[in-house]
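Below: one structure, written as structure tokens.
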Amino acid sequence: MMLYDFPLRPSTLSERATFYKNEFSLLKLKKWLGNNVPQLCAIDAGSDTKIIKNKRFKGINFYFPFSELKDKIKKYVPEDVYYDRNIYIDAEKRLSHLSDITDLSDPNILGQQLAFDIDADNIPCSHPRNQDVCHICLGKAYDAATKMKKELKKKFERVILVYSGRGFHLHINDKSAYYLTPKQRHLLNKKFSKFPIDPWVSGGPKCLIRLPFSLNSLVSRVVTPISNKTKFTEKTGIPKFLKDNE
């Protein structure tokens, strides 16, 4: 069992603003992305926590080109920040259809980054939960994610593990993985069904995924890539504003 000194709780609007002003690094993000810079990003201004800068923004995902990321974060002080995993022939055309649900048969879509989502709340649990996250199940989700990564590495070379705040994402950056058909993705979901994955993410319909190094404001955790140098612990992803309030 892992012990947590910092609460999993929604971030306030001022905490979100402080994080993006002082901690979020666009340069760090670009370095992590390398040649896989997304065409589009999206933000949710605060529909889940109801902590929102302007009530007119409630329930809307705002899509925009990656180049506008910094300005949009400053304008909306978002609850969540995502990137669109799809590769579009015409990204501007996508902006006229604002939805996080996609159809890979769309002729405007050339491919989609393969990613798997393992959430702690996908694990049957009878323990006390904090913001729908059980610390014990989060540890189990990490164990599952690391085991799944090892299995994925038998097929793919570039598999990256990311702590999402309430679970873990596995990003596959092999070029061949971008061009898997819906049927091939379905077969992969079936193959890895022993793991607590969300099949609509890896299957293709759900094209958004949390942006690494952004703030998951539902639980006040930084979306953090996990590597051999930065293994997941109970201290992973703690934003400075929580540490300052300790």
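The residues of the chain are indexed from 1 along the displayed sequence.
Taking the six-membered ring for Trp and thresholds of 30 and 60 degrees, Phe192 and Phe195 have ring planes inclined between 30 and 60 degrees apart.
Within a 6.0 Å radius of CD in Gln184, more than 12 heavy atoms belonging to other residues, nucleotides or ligands are found. Sparse packing is recorded around NZ of Lys58, with 12 or fewer heavy atoms of other residues, nucleotides or ligands lying under 6.0 Å away. The local environment of NZ in Lys50 is crowded, with over 12 non-hydrogen atoms from other residues, nucleotides or ligands closer than 6.0 Å. Other residues, nucleotides and ligands place more than 12 heavy atoms under 6.0 Å from the NZ atom of Lys149.
Side-chain contact check for Leu95 versus Pro65: some heavy-atom pair is nearer than 4.5 Å. Contact annotation: the side chain of Ile89 never approaches that of Pro107 to less than 4.5 Å [non-hydrogen atoms, C-beta and beyond]. Side-chain contact between Ser11 and Phe241 is present, with heavy atoms from C-beta onward closer than 4.5 Å. Annotation: side chain of Ile109 is not in contact with side chain of Arg94 (no heavy-atom distance under 4.5 Å). The closest side-chain heavy-atom distance from Pro78 to Ile73 is below 4.5 Å. In this structure the side chain of Cys41 never reaches within 4.5 angstrom of the side chain of Phe62, judged on heavy atoms.
The two residues Ala177 and Phe156 make their nearest non-hydrogen contact at CB-CE2, 3.9 Å. Taking each heavy atom of Asn36 and Arg158 in turn, the nearest pair found is ND2-NH2, 3.5 Å. When all heavy atoms of Ile197 and Ser202 are compared, the pair lying nearest together is CD1-OG, 4.3 Å. A pairwise comparison of heavy atoms in Gln112 and Val201 identifies OE1-O, 4.1 Å as the closest pair. Counting all heavy atoms, side chain and backbone alike, Gln113 lies closest to Asn173 at NE2-OD1, 2.7 Å. Closest heavy-atom contact between Val222 and Phe19: CG2-CE1, 3.5 Å.
In the hydrophobic clustering of ILVMFWY residues, with side-chain heavy atoms under 4.5 Å counting as a link, Tyr83 and Val37 come out together. In this structure, Leu26 is a member of the same hydrophobic cluster as Val223, with clusters built from ILVMFWY side-chain heavy atoms closer than 4.5 Å. Tracing side-chain contacts under 4.5 Å through hydrophobic residues (I, L, V, M, F, W, Y), one reaches Leu215 starting from Leu29; they form part of the same cluster. In this structure, Tyr20 is a member of the same hydrophobic cluster as Tyr76, with clusters built from ILVMFWY side-chain heavy atoms closer than 4.5 Å. Note: the hydrophobic cluster containing Leu69 also contains Trp32 (ILVMFWY, side chain heavy atoms under 4.5 Å, direct or indirect links).
For the atom pair NZ (Lys140) and CG (Asp143), the distance works out to 9.5 Å, reported to the nearest 0.5 Å. The line from CZ of Phe116 to CZ of Arg185 is 9.0 Å long, rounded to the nearest 0.5 Å. Rounding to the nearest 0.5 angstrom, the gap separating the NE2 atom in His135 from the SG atom in Cys125 is 11.0 Å. For the atom pair NZ of Lys175 and CD of Glu157, the computed distance is 13.5 Å after rounding to the nearest 0.5 Å. In this structure, the separation between NZ on Lys72 and CZ on Phe64 is 7.0 Å, given to the nearest 0.5 Å. The line from OG of Ser193 to CG of Leu188 is 11.5 Å long, rounded to the nearest 0.5 Å.
Taking the centre of each ring, Phe168 and Phe232 come in below the 6.0 Å mark.
Scanning for salt bridge (Lys or Arg N to Asp or Glu O under 4.0 Å) contacts around Lys240 gives Asp244, with sequence neighbours left out. Glu151 pairs by the salt bridge (Lys or Arg N to Asp or Glu O under 4.0 Å) definition with Lys194, not counting sequence neighbours. Partners of Thr224 by side chain to side chain donor-acceptor pair (under 3.5 Å), not counting sequence neighbours: none found.
Of the possible polar contacts, none joining the Arg166 side chain to the Leu218 backbone as a donor-acceptor pair under 3.5 Å is found. The main-chain N or O of Asn86 is found under 3.5 Å from a side-chain atom of Asp84 such that the two form a donor-acceptor pair. Ser220 contributes a side-chain N or O that, together with a main-chain N or O of Arg9, makes up a donor-acceptor pair within less than 3.5 Å. Glu79 places a side-chain N or O within donor-acceptor distance of the main-chain N or O of Asp48, the cut-off being under 3.5 Å. Without hydrogens or angle criteria, Lys30 side chain to Gly34 main chain gives no donor-acceptor distance under 3.5 Å. In terms of modelled atom types and a separation under 3.5 Å, the side chain of Arg16 and the main chain of Val77 share a donor-acceptor contact.
Asp103 and Ser105 form a side-chain donor-acceptor contact under 3.5 Å, judged by distance and modelled atom types alone.
Between Leu208 and the choices Asp44, Asn61, Leu40, the side chain to side chain contact (heavy atoms under 4.5 Å, CB included) rule is met once, by Asn61.
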Could you please spell out the steps behind the side chain to side chain contact (heavy atoms under 4.5 Å, CB included) verdict for Asp117 and Lys206? CA-CA 11 Å; Asp117 184 4; Lys206 191 81 169 179; over 6 Å; no
Steps toward side chain to side chain contact (heavy atoms under 4.5 Å, CB included) verdict (Asn216, Asp80): CA-CA 6 Å; Asn216 183 335; Asp80 303 300; 4.1 Å; yes
Evaluation steps, side chain to side chain contact (heavy atoms under 4.5 Å, CB included), between Ile209 and Val162: CA-CA 11 Å; Ile209 198 163; Val162 175; over 6 Å; no
Hey, mind stepping through Lys53 and Leu13 against side chain to side chain contact (heavy atoms under 4.5 Å, CB included) and telling me if it holds? CA-CA 7 Å; Lys53 185 177 180 180; Leu13 196 63; 4.3 Å; yes
